[in-house]
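Each remark here refers to the structure printed beneath this line.
What's counted below: heavy atoms across the whole structure, side chains too, no hydrogens, waters or symmetry copies. Every chain is numbered from 1, with letters handed out A, B, ... down the list of sequences.
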Amino acid sequence: MSRLTITGIGSVTPIGIGKEELRQSLDEGASGLARIRKFPSPLKTPSGEIRDPGLDKNMAARFRRVAAVSKYALSAVDMAIKDRGLPFPGGNETALVMGLTHGALTYTEAFHGSLLREERGSASPLFFSDSVLNAPAGNVSICYGIRGPVHTLVGGPATSLKALMLSMRMANSGEVAGAIAVSSEELNELSFSCYSRLGMTAISEGAGAVFIEKDGPETTSRYCYLSGAASRCCPSDPAEALQGAIQQSLDEAGLTTRDIDAVMTDTLPQALTRFSNATPIVTLAHLTGSAFSVNAMWHIILASMSLQGGALPLSVIVAGRQTGDLRHIMVCASESDGVGAAVVLSKT
Amino acid sequence: MRNPVVITGIGLVTPLRPFDGLQAFWEALCSGEDAIKRAPAPLLDTKKNWLMAGIDLSLRPPKDADPGNKLFVIAEAALSMALHNAGLRNATRPAPLTYSSLLNVGLVTGTVLGNVLLKESRLMDTGKGNPGDDNMESLSSLRSYLASKFELSGAGFTVSTACASGTDAVGIAARMIAAGKCDVMVAGGADVLSDFALLGFSVLQALTDDKVRPFDRKRTGLALGEGAAFVVLESLSHASARGAGIYGSVLGYASRADANHLTGPHREGRGLSEAMTAAISDAGLASADVGYINAHGTGTGYNDLMETKAIKNVFRKGAYEIPVSSTKSMLGHSFGAAGVIEAVCCLLAVRDGIIPPTINFTEKDPECDLDYVPNEARNHEIRTAMSLSAGFGGQNAALIVGKG
C-alpha cells in the first residue's frame with residue numbers, strides 16, 4: 001500500500017520566509033523576537049512579527065487587500081505547491097484544510113469598530129467577508145483553483161495537527177490525489193494586549209503549509225512519510241489526552257517511544273516522561289514566539305526538513321541530544337481544555 | 001463509505017417551538033409556521049426592527065436556571081436532547097453519563113460566529129479587551145464547553161466552513177465512523193443572531209425587508225436566524241449491538257469549493273453540482289434514487305438561481321420530478337446550525353413520508369422552475385433525501401440520508 005508522503009513545504013515565519021531562510025536562521029540560532037512595530041503599543045513585550053514588505057508583491061491585485069492572515073496562508077501554500085516540483089493538480093483532485101486559532105482579527109475589529117461608530121452604511125464589505133473564519137481558506141481556494149473539499153478547523157495549538165490529520169484521511173481514502181494542510185495567524189493589537197497581560201511573553205504570526213499525497217513512481221520530492229496520527233480529548237486531564245494521542249499514533253505507526261528520535265512540541269512536559277531523557281525535545285517557540293496553531297505546523301515543517309537532511313538544528317534542541325540517524329520524529333501539541341494530538345513522521 | 005453509519009439521536013433548538021422537542025418542531029414546520037418576525041438587533045440600537053428568526057429564551061422550562069450565554073444555552077439543550085434521544089444519557093441526571101463507552105465518543109461542532117455576542121458585549125462595554133476574553137471568544141470555546149459538560153472524550157474539532165459548517169460537521173464525523181476510526185460521534189452546529197451578522201449581511205445587501213420567499217420571482221433576500229442542532233452518529237454494528245433506535249442512515253457526503261468568489265456563489269452552481277455528484281457517488285446511488293432535496297434556499301436572487309441550475313445540471317430532466325423545498329423560509333438562516341437542522345428535516349421526511357413546504361411562495365420565477373413544494377407540506381414516500389448547503393468562501397456541501 002502506498003504511504004502518505006510530505007512532498008512540498010512552505011513557511012512564513014518571523015525568522016525567515018521559505019525553507020532556505022528558515023534553515024539558515026535555525027543554523028545561526030537567529031531570533032525573530034523584537035518589540036512590536038506593526039501597531040503602536042506601550043508594551044515592550046517581544047513578539048514575532050513578519051516584516052517582509054514584499055510578501056504580496058507577486059499576488060493578484062484582488063489578494064493584496066485581503067487580511068494578513070490570508071496573505072501569509074497564500075504565501076505558504078504557494079511555496080508548498082512550487083516546492084513539490086510537479087504540475088499542481090488543483091481542481092477536484094486537491095483538498096485544502098486550514099487550521100487556525102484567531103483568524104482575521106484586525107478586520108473583525110475594524111468591522112465592529114465601524115458599527116460602533118455608527119458608520120454602518122459605509123462599513124467596508126471586505127472587512128465583513130474577510131472576517132469570516134474560513135476566509136483565508138476561501139482566498140487560497142480561489143487563488144489556486146482548489147475545488148475539492150476545503151475545510152477550516154478552529155481551535156488552539158493542536159488545531160494544525162488536526163488539519164493535517166483530516167488532510168491525511170482524505171488523501172489516504174483516495175477522495176483526492178493530494179491535500180494541502182495549512183495554518184496561519186496574524187498579530188493583532190487587541191490579542192497582543194490581552195495575551196501580554198496574561199503573561200504570555202512572545203506571541204507571533206505567520207503560516208506554514210505542507211503538501212500531502214500518496215507516494216508514487218512520479219513523486220520527485222519526498223521529505224518524509226506520515227506514519228501515524230491521533231488526537232484525543234480529556235477535559236479533566238489534558239496530560240492524559242496527550243498521552244492517549246501519543247500512544248495511539250505510535251500504535252498506528254507500529255512503533256514504541258524508543259523508536260522516536262526526537263519530539264517536537266511546545267507542550268506539557270509531564271506527558272513526555274515516557275520518552276527517554278536522552279530523546280531530544282525540540283521547539284521553535286524561543287526563536288519564533290507562539291503563533292498559536294501555526295507552531296505545530298512549523299514543527300511539522302522542521303521535522304520534514306530534518307528527516308530529509310538527517311540532522312536537527314542545534315538551536316532548537318531544548319533537552320536531550322541527537323545521537324544517531326533521524327528515523328522517526330513525533331510532533332505533538334496539547335490544549336488547556338483537554339485536547340491532545342500527535343503525529344509521527346518517518347524517514348523515507 | 002465503508003462501515004454503514006446510522007443516526008440514533010437528534011436534538012435541536014430552533015426558533016420554531018424552541019424547547020418543545022423534536023416532534024413539536026416537525027409538526028410546526030410541516031404546518032408551514034413562520035418563525036420570522038420583526039425584532040430589534042440584539043445589542044445595538046439601530047432604530048430599526050429587523051426581520052429575523054430568534055429564539056425566545058423565556059420559553060425555556062421554568063426549572064431551568066438563568067439563561068446566561070445564549071449560544072451555550074441552546075447548544076447545551078440541543079446536545080443534551082440528542083444524547084437522551086439516543087439513549088446515551090439519563091434524563092434525570094445531567095452528569096455523569098450513564099453509558100460508559102461515551103468516554104470514546106467524539107464531538108464535531110460547526111459554527112460560523114461562535115461566541116460573537118460575548119465579543120460584541122465586551123466591545124460595547126469597554127472597547128478594550130480583558131485578559132482571558134480571547135479564549136472565551138474563540139470559536140472553539142463552544143466545543144470545549146460541551147465536551148467538558150458531557151464528558152465527550154473522543155476525537156473532535158470545531159469546523160467553520162461558513163454556512164456549510166453544520167453539514168460538514170456531520171459529514172466529516174460520519175466519514176470518521178465509516179473509516180473505522182471510531183464507533184460513535186456527536187456532530188452538530190450552533191450559532192446565534194448578532195449585530196455583526198445583521199449589519200454585515202445588510203452591508204452586502206442580502207437581507208430582505210419583505211417575507212423570505214425562496215425560489216419565488218419576487219424574492220428579495222434572506223432573513224437571519226439562530227439555532228442549535230446535534231445528531232448522534234454510530235456505526236450500524238454498534239447501534240445494533242446496544243439495541244438503539246435508528247432514525248436513518250448517512251449514505252453519502254461530499255464537500256466541494258467554487259474557487260470563484262469569497263461572498264458570491266458561482267453563477268452556474270459549479271461547486272454545488274460537483275458536491276451533489278460526488279455525494280451521490282459516495283452513496284453508491286444513481287441520481288434517480290434521490291427522492292427529496294432540502295435546498296440551501298436562502299431567498300436571495302443569486303443563491304436560488306444558482307441552486308436551481310446546479311440541481312438541473314446534476315439531475316437533468318429528472319430534476320423536475322424531485323420535490324425541492326427550503327425550510328429557511330420558516331426558520332431563517334441559522335448559519336452553522338442550518339445544515340444540521342436541514343439534515344434532520346431530511347431524516348424526518350424519509351421517516352414520515354412528508355415533505356415540508358417552501359412558504360411565502362406566490363409567483364413562479366421562469367428561471368426557477370422546479371417543484372418547490374409551495375406553501376403546503378406534501379405526503380410523499382421517499383427512501384433517500386439530500387440536504388444542500390453553500391456559503392462564503394465558495395463552500396458547498398451535500399449530505400444524503402436514507403431509511404435506516
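- More than 12 heavy atoms of other residues, nucleotides or ligands sit less than 6.0 Å from atom CD of A:E252.
- Chain B forms the most heavy-atom pairs under 4.5 Å with one residue out of A:P136, A:G138, A:P235, A:A241, and that residue is A:P235.
- Among the candidates B:G391, B:A147, B:S160, the residue making the largest number of heavy-atom pairs closer than 4.5 Å to chain A is B:S160.
- There is no side-chain donor-acceptor pair under 3.5 Å between B:N104 and B:D183.
- Among B:N396, B:V112, B:V159, the residue with the largest count of heavy-atom pairs under 4.5 Å with chain A is B:V159.
- Most heavy-atom pairs under 4.5 Å with chain A: of the set B:T161, B:L262, B:T263, this distinction falls to B:L262.
- With respect to chain B, the highest number of heavy-atom pairs below 4.5 Å among A:A158, A:G155, A:G148 belongs to A:G148.
- B:T158 and B:T109 form no side-chain donor-acceptor contact under 3.5 Å, judged by distance and modelled atom types alone.
- Ring pair A:F127/B:F196: centre-to-centre distance not below 6.0 Å.
- Judged by distance alone, the side chains of B:S255 and B:Q395 never bring a donor and an acceptor atom under 3.5 Å apart.
- Residue contact with chain A, scored on non-hydrogen atoms closer than 4.5 Å, involves the backbone and the side chain of B:F201 alike.
- A heavy-atom distance below 4.5 Å is not found between the side chains of A:L190 and A:L105.
- Within the 4.5 angstrom heavy-atom criterion, no atom of A:S173 approaches chain B.
- Heavy atoms closer than 4.5 Å to chain B are found in the side chain of A:V339, but not in its backbone.
- In this structure, chain B has heavy atoms under 4.5 Å from both the backbone and the side chain of A:A135.
- Looking only at atom types and distance, the side chain of A:T159 has no donor-acceptor partner in the side chain of A:S293 under 3.5 Å away.
- Most heavy-atom pairs under 4.5 Å with chain A, from the set B:A259, B:G393, B:S148: that is B:A259.
- Residues A:Y195 and A:S290 have side chains not in contact (no heavy-atom distance under 4.5 Å, counting atoms from C-beta outward).
- Interface remark: A:I146 contributes backbone atoms only to the contact with chain B (heavy atom separation under 4.5 Å).
- Only the side chain of A:V132 comes within less than 4.5 Å of a heavy atom of chain B; its backbone N, CA, C and O stay farther away.
- Scored by the side chain to side chain donor-acceptor pair (under 3.5 Å) test, A:E93 finds no partners at all (sequence neighbours excluded).
- Interface remark: of the candidates A:N134, A:L96, A:D337, A:L100, A:N134 forms the most heavy-atom pairs closer than 4.5 Å to chain B.
- Proximity to chain B among residues 160-168 of chain A is limited to A:K162, A:L166, judged by heavy-atom separations below 4.5 angstrom.
- A cation-pi arrangement is found for B:R267 relative to B:Y302, the charged atom lying closer than 6.0 Å to the ring centre and inside a 45° cone about the ring normal.
- For the set A:S196, A:S141, A:P149, the entry with the most heavy-atom pairs within less than 4.5 Å of chain B is A:P149.
- Side-chain contact between B:H266 and B:L272 is absent, with no heavy atoms from C-beta onward closer than 4.5 Å.
- The greatest number of non-hydrogen atom pairs below 4.5 Å with chain A, out of B:V108, B:T111, B:N260, is found for B:N260.
- With a 4.5 Å cut-off on non-hydrogen atoms, B:I172 touches chain A through its side chain but not through its backbone.
- Under the 4.0 Å criterion applied to side-chain N and carboxylate O atoms, B:R175 and B:D168 are not assigned as salt-bridge partners.
- Nearest heavy-atom pair, A:G340 versus A:A245, reported as atom, atom and distance to 0.1 Å: O-CB, 3.6 Å.
- Annotation: A:R64, atom CZ; neighbour count of heavy atoms from other residues, nucleotides and ligands within 6.0 Å is above 12.
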